[in-house]
**Student:** 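Here you go, one structure.
What you are looking at is a predicted structure, and each value in this text was computed from that prediction instead of being measured. The sequence lines fix the lettering, A, B, ..., with proteins before strands; numbering per chain opens at 1.
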Amino acid sequence: MTVVTRFAPSPSGNLHVGGARTALYCWAFARGRDGRLVLRIEDTDRKRSSDAASLGFMTDLDWLGIDWDEGPVQGERGGGSHGPYFQSERLPIYTEHLERLVAEGKAYHAFDTPEELDAKRKAARQAKEAYRYDRAALELSAEEVEARLAAGEPSVIRFRTPDAAITIVDEVLGEATLPAGEVDDFVIRKADGYPTYHFAVVIDDAMMEVSHVLRAQEHFNNTAKHMVLQDALGLPRPVYGHLSLIFNPDGSKMSKRDKDKVLRAAVKERSIEDAPNDSNGEPLVAADVWSTWRGDKSVQLDLDTLEQVAAALDVSLPEINVADFRRSGYLPEVLCNFLALNGWSAGDDLEKFDNAFLAERFDLDRVQKTPAKFDRDKLLAFNLDAIQGMSPETFHGLARAHAAEFRPEFIERLDESQFRTLCDASLERSKTLDEPFSVNRFLVAADDEIDWVVTKPVRKAMFKGEPTGLELLAKVRPVLEGLSGFDAASIETAITGFVEEHAEGNLGRIAQPLRVAVSGGPISPPIFDTLAILGQRAVLARIDRCLEVLSESSPAG
RNA sequence: GGCCCCAUCGUCUAGCGGCUAGGACACCAGGUUCUCAACCUGGUAACGGGAGUUCGAUUCUCCCUGGGGUCACCA
C-alpha cells in the first residue's frame with residue numbers, strides 16, 4: 001500500500017509554527033516511505049477563507065523545504081489526479097454523499113435556529129453538563145420536513161450518530177474509548193450548503209487515498225465523529241496519529257493573539273494614550289478601534305496594523321508564524337530541525353539533523369505525547385551554530401539576501417566592501433541573519449542623528465582615566481584623518497601605533513572612546529571593522545560632534 | 001463541569017524491571033577578550049504523591065494531584 005499523508009490547513013491565517021511542524025511530520029513520514037504528500041485547502045468556512053492566505057501557506061512551506069506531490073498548483077508543483085484540492089470546489093462531491101445519507105435515514109434535516117441552540121448550550125453549561133443535541137428535529141414528520149424545506153426555511157443536515165461506544169485507535173496516543181452518547185448528532189452540512197469540516201475531511205481523505213492522517217491533538221476527539229461517518233458511508237479508515245500542541249514557555253497556547261498581548265502590554269507600560277501616526281501624520285489605528293483594543297483583551301488588530309504599530313513604537317513582537325521567523329533571520333533548515341525536535345527525537349543523543357535525516361528516521365512510535373513548550377533560546381542557539389558553521393561566502397550571500405528584503409537601508413548605505421566587512425565581522429557573533437543589522441543600526445543613521453546618552457559605560461569610556469577617553473579621542477582624530485586608505489587593516493596599523501605611544505599598548509583605552517563616538521553607545525562590532533564600515537568621512541564627522549557635545553556635558557560627568 | 005488523553009532536570013528530550021538516570025538549551029563559576037557577543041573549561045539541576053505487582057521499580061497496575069484536549073452551522 002502506498003503511504004499517503006496530507007497537510008490540510010484552513011486558509012484563515014498565516015502558517016503557524018504548530019502547523020509547520022504538522023506539515024513537516026506529514027512530509028517526513030511520506031518521504032521516508034516512498035509515499036506522497038497531499039496538500040489540501042480546507043476552505044469550507046466562507047467567512048474565513050481568502051486566496052491570499054492559502055498562497056502564503058504555500059510560500060512558507062516552500063521556504064521550509066516541504067514539497068508536496070499533489071495539491072494546488074504553485075510554480076511547478078501541485079496538481080494531481082485527486083483534485084480539486086480546494087474543498088470549496090468539491091461541493092458536488094459532498095452533496096452526492098450527503099443526499100445518500102439522508103435517503104438512507106442516516107442523516108436528517110434540522111431547523112433549529114442558532115439562537116435556540118445557543119440557549120440550550122448555555123443552559124447545559126450552567127447545569128455543568130456537556131451539551132448534546134437533543135434530536136428535536138427527529139420528532140418532525142416527513143411531511144413537515146418536506147414542507148419546511150419547500151418553503152425555503154434554513155436548515156442543516158445532522159448525522160444520526162449510532163448509540164454505541166467508539167474506540168479510537170491512534171498510533172501516537174494509543175487507544176481510547178468514548179462511551180456511547182458522547183458523540184451527538186453533529187451537523188454535517190451547514191445552512192449555506194457547505195459541508196462541515198468533519199464531513200469534508202472524511203470524504204476527501206478517502207477519495208484522495210490518504211493512508212495516514214497526522215494532525216493536531218485538538219482533533220483527537222473529532223476522530224470518533226470521523227469514524228462513525230466512515231462506517232455510515234462505507235469508506236476506508238486511515239491510520240491516525242495525533243500530535244501534541246506547541247506552547248509558550250508560560251504554558252499558554254502559542255497563538256497569534258500573543259502579538260496583541262505583547263503590544264498591549266508595552267502600550268500600557270509606557271502609558272501610551274493615542275495610536276502612533278503613520279508617515280502622513282495620520283493615526284495608524286482609528287481612535288475608537290484603538291481604545292477598545294487597548295481595553296479589551298479579546299479584541300485583535302489585524303496583522304499588518306499590529307506590525308505597523310509595533311514598528312512605530314519599536315516594540316518587537318514574538319515570532320509565531322513561519323514568516324515571522326524568516327523575517328527575524330532564522331534559517332529554514334534550523335527551524336525545521338528545531339520544530340522536529342519539539343515532539344520527536346531520533347532516539348539517541350543526536351539533535352542536529354536535516355530534513356533528509358528526518359525523512360529517513362521519522363516514525364510515529366517516537367512521537368511525544370506531551371505538549372512541548374517552545375524554547376526560543378534553544379532555537380536561537382541552534383541558529384547561531386548553523387551560522388557559525390557557514391563559510392564567510394555563504395553567510396555573506398544569505399545576509400545580503402536578507403538585507404535586500406528586510407533591511408534595504410544597509411544595502412543603500414554600505415558599499416560592496418563595507419557590507420562584506422560587516423558580514424565578516426558578524427559571522428561568529430550573529431544568532432540570526434538579521435542581527436548584523438538590528439544591533440548595528442547606528443551604521444545607517446545620519447551622522448548628526450547620533451546622540452550620546454551618558455550611561456555608566458559611556459561615562460567610563462569618555463570621562464575616566466588620565467588622560468580621559470575624550471582627550472584620547474581628540475588626539476587620535478588627526479591620525480585617522482591622515483589615513484589615505486580606510487580599510488580595517490590600515491586603521492588597525494595606525495591605531496595600534498597610536499596606542500603604543502599614548503595608551504601603554506592598551507587598545508581598550510582608545511577603542512571604547514572611538515566606539516562611543518561613532519555609535520553613540522558602548523556596543524559595536526570590532527572597532528577597526530566598525531570604522532571601516534562607516535568610512536572616513538562619517539567617522540571624522542561623528543568624532544567632531546561627539547567631542548563638541550560631550551565636552552559640554554563633561555563637568556557633570 | 002462531562003468525556004478523553006498525558007506526566008523524567010527550568011525547557012526540549014534519552015530511558016522501554018537492575019543505569020553513578022544520559023544529551024542539548026538555559027543557568028552558575030572560572031578562563032579568553034578593544035565593547036557586546038562568540039569561544040574554552042568546569043558545575044548546579046529531574047523521575048509529582050500514595051498504594052500495590054516484583055528479589056528489585058523512573059519503567060507494570062490502581063488511586064490522588066497536576067497539565068492538556070474536546071463539548072460550534074471553526075477547522
**Student:** Please check the phosphate of A14(B) (OP1 and OP2 only) for any side-chain N or O of Q368(A) closer than 4.0 Å.
**Tutor:** yes

**Student:** From the set C3(B), U35(B), C25(B), return the single nucleotide nearest to any side-chain atom of D375(A).
**Tutor:** C25(B)

**Student:** What nucleic acid atoms does V187(A) come within less than 4.0 Å of, heavy atoms only: base, sugar-phosphate, or nothing?
**Tutor:** sugar-phosphate

**Student:** Looking only at the side chain of Y131(A) (C-beta and beyond, no hydrogens), which of the listed nucleotides G68(B), A72(B), A24(B) gets closest?
**Tutor:** A72(B)

**Student:** Would you indicate what R40(A) reaches in the nucleic acid, counting non-hydrogen atoms under 4.0 angstrom: base, sugar-phosphate, or nothing?
**Tutor:** nothing

**Student:** Determine whether E428(A) and F395(A) make a side-chain contact, defined as any pair of heavy atoms from C-beta on separated by less than 4.5 Å.
**Tutor:** no

**Student:** What is the nucleic acid contact for A176(A), judged by heavy atoms within less than 4.0 Å: base, sugar-phosphate only, or nothing?
**Tutor:** sugar-phosphate

**Student:** Regarding N222(A), tell me which of base, sugar-phosphate or nothing describes its non-hydrogen contacts under 4.0 Å with the strands shown.
**Tutor:** base

**Student:** Considering only C3(B), C39(B), C34(B), which nucleotide approaches the side chain of Q512(A) most closely?
**Tutor:** C34(B)

**Student:** Take atom C1' in U20(B) and the same atom in A46(B), then report the distance between them in whole Å.
**Tutor:** 15 Å

**Student:** Are F362(A) and Y25(A) close enough that their ring centres sit under 6.0 Å apart?
**Tutor:** yes

**Student:** Considering every strand and a 4.0 Å limit on heavy-atom distances, what is the contact class for P522(A): base, sugar-phosphate, or nothing?
**Tutor:** base

**Student:** Do F374(A) and F325(A) make the cut of ring centroids closer than 6.0 angstrom?
**Tutor:** yes

**Student:** How do Q388(A) and D112(A) order along RNA chain B: which one's closest nucleotide is nearer the 5' end?
**Tutor:** Q388(A)

**Student:** Among the candidates A37(B), C6(B), U35(B), find the nucleotide nearest to the side-chain atoms of E428(A).
**Tutor:** A37(B)

**Student:** What's the closest nucleotide to the side chain of D377(A) if the choices are A75(B), A38(B), A26(B)?
**Tutor:** A26(B)

**Student:** What class does the angle between the rings of W344(A) and F353(A) fall in, given that below 30° is parallel, 30 to 60° is tilted and above 60° is perpendicular?
**Tutor:** perpendicular

**Student:** Determine the Euclidean distance between corresponding C1' atoms of C28(B) and G68(B); express it in Å to zero decimal places.
**Tutor:** 33 Å

**Student:** Whole-Å distance between A14(B) P and R361(A) CZ?
**Tutor:** 13 Å

**Student:** Sort out the partner of C27(B) for me: Watson-Crick or G-U wobble, both distances under 3.5 Å, none otherwise.
**Tutor:** G43(B)

**Student:** Between C74(B), U35(B), C25(B), spot the one nearest the side chain of T196(A), thanks.
**Tutor:** C74(B)

**Student:** Please classify the nucleic acid contact of P371(A) as base, sugar-phosphate, or nothing, using heavy-atom distances under 4.0 Å.
**Tutor:** sugar-phosphate

**Student:** When you measure from the side-chain N and O atoms of R125(A) to the phosphate of U70(B), is any distance below 4.0 Å, counting only OP1 and OP2?
**Tutor:** no

**Student:** Within 45° of the six-membered ring axis of F437(A) and under 6.0 Å from that ring's centre, is NZ or CZ of R407(A) located there?
**Tutor:** no

**Student:** Out of C34(B), G10(B), C73(B), which nucleotide sits closest to the side chain of R121(A)?
**Tutor:** C73(B)

**Student:** Donor-acceptor check, side chain of R237(A) to backbone of M227(A), threshold 3.5 angstrom: yes or no?
**Tutor:** yes

**Student:** Measure NZ/K47(A) against C1'/C73(B) and give the value in whole Å, please.
**Tutor:** 7 Å

**Student:** Ring of F382(A), cation from K352(A) - is the NZ or CZ under 6.0 Å from the centre and inside 45° of the axis?
**Tutor:** yes

**Student:** Reckon R158(A) touches a base, only the sugar-phosphate, or nothing at all at heavy-atom distances under 4.0 Å?
**Tutor:** sugar-phosphate

**Student:** Choosing from A14(B), A75(B), U35(B), which nucleotide comes nearest the side chain of S345(A)?
**Tutor:** A14(B)

**Student:** Mind checking T44(A) for me? I need base, sugar-phosphate or nothing, with any heavy atom below 4.0 Å counting as a touch.
**Tutor:** sugar-phosphate

**Student:** Want to settle it: does K431(A) or E182(A) sit nearer the 5' end of RNA chain B, counting the closest nucleotide to each?
**Tutor:** E182(A)

**Student:** Can you check the distance between A29(B) and A45(B), where both ends of the measurement are the C1' atom (answer in whole Å)?
**Tutor:** 15 Å

**Student:** Measure from the side-chain heavy atoms of D349(A) and tell me the nearest of C25(B), G22(B), C12(B).
**Tutor:** G22(B)

**Student:** Just to be sure I understand the rule, does P525(A) reach a base, reach only the sugar-phosphate, or reach nothing, if contact means heavy atoms closer than 4.0 Å?
**Tutor:** base

**Student:** Rounded to whole Å, how long is the line connecting atom CG of N248(A) with atom C1' of C12(B)?
**Tutor:** 15 Å

**Student:** When we call it a touch if two heavy atoms are under 4.0 Å apart, what does T177(A) touch: a base, just sugar-phosphate, or nothing?
**Tutor:** sugar-phosphate

**Student:** Calculate the interatomic distance between K369(A) atom NZ and C12(B) atom P; express it in whole Å.
**Tutor:** 17 Å

**Student:** Could you check which nucleotide pairs with A57(B) in any of the strands shown, counting Watson-Crick or G-U wobble with both distances under 3.5 Å?
**Tutor:** none

**Student:** Sort out the partner of U70(B) for me: Watson-Crick or G-U wobble, both distances under 3.5 Å, none otherwise.
**Tutor:** G2(B)

**Student:** Over all strands shown, is L350(A) touching base, sugar-phosphate only, or nothing at heavy-atom distances under 4.0 angstrom?
**Tutor:** nothing

**Student:** Choose from G23(B), U70(B), C39(B) the nucleotide whose nearest atom is closest to any side-chain atom of K378(A).
**Tutor:** G23(B)

**Student:** Give one of base, sugar-phosphate or nothing for E175(A), where a contact means two heavy atoms less than 4.0 Å apart.
**Tutor:** sugar-phosphate

**Student:** Rounded to the Å, how far apart are M227(A) CE and C4(B) C1'?
**Tutor:** 14 Å

**Student:** Using the C1' atom on both, measure G30(B) against U44(B) and round to a whole Å.
**Tutor:** 15 Å

